[in-house]
Each structure stands twice: as C-alpha cells, then as structure tokens.
2 protein chains.
Amino acid sequence: MITGDSGFLKEKLKECGYKFTGQRSAILEALIQCTGQHVSTEELFNMVKVKHPEIGLATVYRTMILLDKLGLVHKLDFDDGFSRYELVKPNEDHRHHHLICSSCGSVSEVEEDLLDSLEEQILKKNGFLVKDHRVQFYGLCRNCRG
Amino acid sequence: MITGDSGFLKEKLKECGYKFTGQRSAILEALIQCTGQHVSTEELFNMVKVKHPEIGLATVYRTMILLDKLGLVHKLDFDDGFSRYELVKPNEDHRHHHLICSSCGSVSEVEEDLLDSLEEQILKKNGFLVKDHRVQFYGLCRNCRG
DNA sequence: ATCCGTGCAAAGTATTTGCAACCTA
DNA sequence: TAGGTTGCAAATACTTTGCACGGAT
C-alpha cells in the first residue's frame, strides 16, 4: 500500500537520484507513526521489524542518514547515547525548540521562534549569517514543578 | 607549581569530597591553555601527555566527567563524534551560544543571551520553567561570507 | 592507615563498512 | 541489464569498567 506520504518520499528520492524501496517506505511509515516523538534508530528498527522481519539494522542507519541529507528528518541529540530523529513538518521554516525536563526526562516542543532579533544582532556584531539553529531548554516541566 | 587556578580546583574538590591529584591539576592546566577552544578528551589527553607521559586516557575521561559534575566545564556536542569541553567562565550565569560555520567548521561564541523574553513566554504558554539552555547557530562566518 | 584515584587492558555500545545477492528503474 | 540497495557480519571508534597498585589525606 502506497500512502500519500510514501508518494512524497518516492518523488523526493527520484528527484535526488535515489531509488524508492520497500524498506525506505516502511521506515518512513514508522516515522509517521511516531510523529511528535524523538525516536532512536534502534527503536525505529524494532517498529519496522514487526511488519518486515527481514530488515537489517544497518539499513535503518543508512536510511536515516539519507533522510537527514534529503531534509526529511532532523537529527537530534539529547546526550543519551543515541542519535534520535523527528520528521520535519511540512511548513516548518526553522527548527523548533525542545524543552527537556531535568526531572522526568520528557521532551516537548516550542513552536515559537523568537530568535530573529538575536540572529540580527549576531549578524551585526559577529558578522555571522545565521541559517539554522538548534535550541534546547533545560528545566522543569509543568508536572514536575508541582 | 600550584597556580591560582589549581588552588581553586583544590578547594572545589575538597568541598565535594574528592582528592586533589597531579593528574586533575594537569588536566585543568591544559583546559586553561585552550581557553576559547572546544577540546575533545583525546586532544586534552595528548596535551597533558607532553608533561605527564604516564597519564592514562581513562583518567582524562573520568576527570572530564567529574569536572562537568562539579560545574567547572561544560560538555559540548558538535556532532563530530567526540565529546568536547570548555571551561566555565568565572562570572558566567548562563551558557553562551555557539556560532558554527557550515563552510569552514569554525566555532565562535556569543556572549549576549537575549533569551529572557522567550524563556518567559515558555513559562507562560508551556508551564515550563527554564533553568538552562543550549543554543547553536549554524550559518556562515564573516570570512566565509566573503 | 584508609580508601580514593590511576594506569592498563579488556569490555561495552552505537555506528559504519565490505561484500555478495537482490531488486528498482 | 545496470547499478543502487540490502542483510549479514565484521570492523570501527569513542567511552566505560575491572582490578591491582599507588598516592592523597
């Protein structure tokens, strides 16, 4: 079954000279299932294995590197020893920020950017032209603040 | 030779119930030598080895974990495969931001914070109390903009 | 004297790579 | 058919750990 999203993947792959395979499609489906989460490569591997027991871990690693290169996912690092990934949302023009709770470890997202004035100032003072950013806030989430 | 900084280290260690050793002192001296840089554990190991050829790599790894726990260094991650570290500056009340050039790979720093209003908004909208942050900007440095 | 800290080597763990078989285009 | 892709296993590479010895308090 080819979903709309698989269609998008197929186009993107062709456009960049790559082949559309069952494995790549299955991995994208698993990613869609985890929307809003931040899955590790091994977690993805285990999800995909349910329907496709023959898939190899190396394929998932290779695919994530490819999807990152194609701009379909963002690689995340929460310093827990694994590479984690999240799907890039359709109209996302910049990386959103992550709120990491130091108490319970939950990770949530902030849609607001609000870095424009800071990035402008960086251009003026440092001569550095910002094209992207990675922002993580550490602290206490609503539940853990009590 | 015990420098003023080693004195500071000695106090901090004692205060937390750890011992002041030649290795720890030597590693701190190497860190001070690289102020403004972002050294990997192996780089530090190689620097220290010049004066202290007997030091073991594991000691450097263990010491960096300790210094991080004591709040004397910040662990950085530039996704290049190594843990990197920088000394925490004396009056630093928050992590400074890093500017990473996508062209030449250089990493420089921004002292301005300018996240207060964003962090305030995160508290109001998300109920998340920010205590620290990690901010990396990707783009083109002055030289690479040409 | 006590017991933390160290060096060495071995183990651990996430990730990458070589290669023959396979499958997409 | 041609060449990219995959699965498997072996290889990497950074980091951690076990243990006996050494050194700080």
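Residue numbers begin at 1 in each chain, while the letters A, B, ... track the order of the sequences.
- Applying the side-chain contact (heavy atoms from CB on, under 4.5 Å) test between B/L67 and each of B/L87, B/L31, B/V88, B/L13 identifies B/L31 as the sole match.
- Nearest-nucleotide mapping onto DNA chain D: of B/E42 and B/G22, the residue sitting toward the 5' end is B/E42.
- B/E29 contributes no side-chain N or O that, together with a main-chain N or O of B/A26, makes up a donor-acceptor pair within less than 3.5 Å.
- The phosphate of D/dT6 (OP1 or OP2) has a side-chain N or O of A/T21 nearer than 4.0 angstrom.
- Contact check, A/Q23 against D/dG7: a side-chain N or O comes under 4.0 Å of OP1 or OP2.
- End-to-end axis angle for the helix from C/dA1-D/dT25 to C/dA25-D/dT1, using five pairs per end and rounding to 10°, comes out at 40°.
- Side-chain contact between B/H97 and B/F137: present, with at least one pair of heavy atoms (C-beta onward) separated by less than 4.5 Å.
- Distances shorter than 4.0 Å separate none of the side-chain N or O atoms of A/R62 from OP1 or OP2 on D/dT6.
- For the atom pair OH of A/Y18 and CZ of A/R24, the computed distance is 8.0 Å after rounding to the nearest 0.5 Å.
- By the 6.0 Å contact criterion, NZ on A/K125 is open, its count of non-hydrogen atoms from other residues, nucleotides or ligands being 12 or less.
- Of the side-chain N and O atoms in A/S83, none sit less than 4.0 angstrom from OP1 or OP2 of C/dA14.
- When the side-chain nitrogen and oxygen atoms of B/Y61 are compared with OP1 and OP2 of D/dT15, one or more of them lie within a distance under 4.0 Å.
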Mind listing the N/O atom pairs, protein and nucleotides 9-11 of chain D, below 3.5 Å?
none

